[in-house]
Amino acid sequence: MSTDAHDVPGAVPLGGPRFQTDPALLYRQMRREHGAVTPVVLDGDVPAWLVLGYRELHQVTGDPVLFSRDSDLWNQWENIPDDWPLLPMIGRRQPSILYTVGERHRERAAMISDALEAVDPHLLRGHAERFADGLVDRLCAKGEADLVGDYAMLLPVRVLARLYGFSDEQGPALVTALNDMIDGRERALAGQTHLATSMARLLADRKAAPADDVASRMLADESGFTEEEVAQDLMVMMAAGHQPTADWIGNSLRLMLTDDRFAASLFGGRNSVAEAMNEVLWEDTPTQNVAGRWAARDTQLGGRRIRAGDLVLLGLQGANSDPQVRTDGSALTGGNNAHFSFGHGEHRCPFPAQEVAEVIARTGIEVVLDRLPDIDLAVPAGSLTRRPSPWLRGLTELPVRFTPTTALGGTSA
């Protein structure tokens, strides 16, 4: 009997309120009912496979030939309308690093890594501290704030915009565009258009007048990439660098404000900050699911028959919590970094990009705890809600209260 994603009964809709309430429970139910490789349907009843098994995900991400990033292989393109809201995430013939394979992909990855590795770590930390302080200055006198909307959602893109070459004034519009695009809803295509226009304008400016920034270094790379390819890669870097980092900040602060194990860190315990951030990557990772890979030929995966051209989605959070590798079910707050939160294989998040995200997130958390030492959750922990996205997991808001303090001044946010 066929077991392909097109005719498996009980395929799970990849969306809806269950991802907002308790996705961990949903992943357990999926694994119990369907195993390590679950049939799912995307918007418009488009079939796909979601890989929830740790070993199976390692197999998929470790074999870029069999499970390719070439989206032209997809056997569903004839059923995809031009206004499909997931097109910004699952695009056809996008000239970005996401859909480049083989040696050309390795060259592009090297170009991006080199451009990011040249960022001065002290300058990066300084930018993050200044923008974080500026954001805290705007809310510290009020005695209450939403640390998601007023802070976490505004910080990463401010820092990344400065590193890449954007002006500070362009930050708010980039935040809106990125969020619209990543959420995959009715404004997704408009968000993508704004981001693309902004990138094209930035590259035109930097081509005429190079500067000490990431965009200029990528344009100067001698691997022969076109301006459009560089623009596409910068869009990927901005999207992958902003929203997950914002959610990393928000999810870590939520954990520290609601879990007694981290109470001491609210008074400046740096080790606890690092442990909370690492636990989030295991238990509450910002990037829950990733699209995707396409099977280059018929194959078997986790007992499922995968047909040539099938879309395979990477269930990062599901794999992180796979009971086959998490046999004791314990929280991981130590130095274990064997999670999938940054991906795996040649298409994983480049290491310099991981370092940039970690510096921004950790700095953002430490500044809040330093500046607002008596911070406390302003609502019951159980009332906190998440965005309903199956792709990225972050809070809709994180209301807190604290003793009002005086602004430090300095860089405006």
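All values reported here derive from a predicted model rather than from experimental measurement.
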Q. Between Arg371 and Asp133, does at least one N-O distance fall below 4.0 Å, as a salt bridge requires?
A. yes
Q) Under 4.5 Å between any side-chain heavy atoms of Val214 and Leu160, yes or no? A) no
**Q.** Nearest heavy-atom neighbours spanning Gly53 and Asp322
**A.** CA-OD2, 3.4 Å
Q) In chain order, what residues pass the salt bridge (Lys or Arg N to Asp or Glu O under 4.0 Å) check against Arg217, with sequence neighbours excluded? A) Asp212
Q | Spatial distance of atom CD (Glu397) from atom OG1 (Thr385) [nearest 0.5 Å] | A | 6.0 Å
Q. Would a 4.5 Å heavy-atom cut-off, applied to side chains only, mark Ile112 and Pro352 as touching?
A. no
Q) Looking only at heavy atoms, which two atoms of Ala152 and Ile249 are closest? And how far apart? A) CB-CG2, 3.9 Å
**Q.** Inter-residue atom distance Asp150.CG - Leu135.CG, 0.5 Å rounding
**A.** 9.0 Å
(Q) Test your reading of the model: is there a side-chain donor-acceptor pair from Arg187 to the backbone of Thr176, 3.5 Å cut-off? (A) no
**Q.** Check: Ala240 main-chain N/O paired with Gln243 side-chain donor or acceptor under 3.5 Å
**A.** no
Q: Check whether any side-chain heavy atom of Leu316 lies under 4.5 Å from a side-chain heavy atom of Val290, and answer yes or no.
A: yes
Q. Do the side chain of Arg254 and the main chain of Leu395 share a donor and acceptor less than 3.5 angstrom apart?
A. no
(Q) Restricting to side chain to side chain contact (heavy atoms under 4.5 Å, CB included), what partner residues turn up for Ala204, sequence neighbours left out? (A) none
Q: Output the distance between atom NE2 (His34) and atom CZ (Arg32), rounded to the nearest 0.5 Å.
A: 10.5 Å
Q.
Which heavy atom of Ala295 sits nearest to which heavy atom of Ile306, and what is that distance?
A. CB-CG2, 3.7 Å
Q: Hey, can you tell me if Phe131 and His127 have their rings parallel, tilted or perpendicular (30° and 60° cut-offs)?
A: tilted
**Q.** Side-chain donor or acceptor of Asp146 paired with backbone N/O of Leu398 under 3.5 Å
**A.** yes
Q.
Tell me if a side-chain donor or acceptor on Arg108 pairs with a main-chain N or O of Asp233 at a distance below 3.5 Å.
A. no
Q) Closest heavy-atom contact between Leu202 and Ala215? A) CD2-CB, 4.0 Å
Q: Could you tell me the separation between the CG atom of Leu14 and the CG atom of Leu86, rounded to the nearest 0.5 Å?
A: 8.5 Å
**Q.** Heavy-atom side-chain proximity of Leu301 to Trp49 below 4.5 angstrom
**A.** no
**Q.** Side chains of Phe67 and Leu314 in contact at under 4.5 Å (non-hydrogen atoms)
**A.** no
Q | Worked verdict on Trp294 versus Leu311 for side chain to side chain contact (heavy atoms under 4.5 Å, CB included) | A | CA-CA 5 Å; Trp294 288 266; Leu311 171 59; 3.5 Å; yes
Q: Might you work through the side chain to side chain contact (heavy atoms under 4.5 Å, CB included) test for Met256 and Arg261, ending with a clear yes or no?
A: CA-CA 8 Å; Met256 299 177 79; Arg261 291 174 298 147; over 6 Å; no
Q: Answer yes or no: is there a donor N or O on one side and an acceptor on the other, between the side chain of Ser216 and the main chain of Pro210, under 3.5 Å?
A: no
Q) CE of Met238 to OH of Tyr164: how many Å apart, nearest 0.5 Å? A) 6.0 Å
Q.
Asp221 vs Val230, test: side chain to side chain contact (heavy atoms under 4.5 Å, CB included). Steps then yes/no.
A. CA-CA 10 Å; Asp221 187 88; Val230 172; over 6 Å; no
Q) Is there a donor-acceptor pair under 3.5 Å between the side chain of Arg293 and the backbone N or O of Val60? A) no
Q: Can you tell me which residue pairs pass the salt bridge (charged side-chain N to carboxylate O under 4.0 Å, His left out) test with a partner in residues 44-60, sequence neighbours excluded?
A: none
Q. Side chain of Gln317, backbone of Trp282: donor and acceptor closer than 3.5 Å?
A. yes
Q) With a 4.5 Å heavy-atom cut-off, do Val359 and Arg362 have their side chains touching? A) no
Q) Roughly how far apart are Asn75 CG and Asp310 CG, rounded to 0.5 Å? A) 5.0 Å
Q.
Between Arg393 and Asp247 (salt bridge meaning N to carboxylate O under 4.0 Å), is one present in this structure?
A. no
Q) Does the side chain of Leu42 come within less than 4.5 Å of Leu313's, by heavy atoms? A) yes
Q) Distance only, no hydrogens: is a donor on one side chain within 3.5 Å (strictly under) of an acceptor on the other, for Tyr27 and Asn289? A) yes
Q: Measure from the side-chain N and O atoms of Trp248 to the backbone N and O of Met277, and report whether any donor-acceptor pair falls under 3.5 Å.
A: yes
(Q) Using the side-chain hydrogen bond (donor to acceptor under 3.5 Å, both in side chains) criterion, which residues pair with Glu355? Sequence neighbours excluded. (A) none
**Q.** Salt-bridge criterion met for Arg386 and Asp284 (N-O under 4.0 Å)
**A.** yes
Q | Glu144 atom CD: more than 12 heavy-atom contacts under 6.0 Å | A | no
(Q) Can you list everything that forms a side-chain hydrogen bond (donor to acceptor under 3.5 Å, both in side chains) with Thr363? Sequence neighbours excluded, please. (A) Arg125
Q) Taking only residues two or more places apart in sequence or in another chain, which ones pass ring-ring contact (aromatic ring centres under 6.0 Å, His included) with Phe225? A) none
Q) Shortest non-hydrogen contact from Ala173 to His194? A) CB-NE2, 3.6 Å
**Q.** Side chain to side chain, Leu124 and Val159, heavy atoms closer than 4.5 Å
**A.** yes
**Q.** Nearest non-hydrogen partners of Gly143 and Pro404, listed with the distance
**A.** CA-CG, 3.8 Å
Q: Output, in order, the C-alpha distance, side-chain angles, deciding distance and verdict of side chain to side chain contact (heavy atoms under 4.5 Å, CB included) for Leu203 and Leu234.
A: CA-CA 10 Å; Leu203 292 181; Leu234 281 167; 3.7 Å; yes
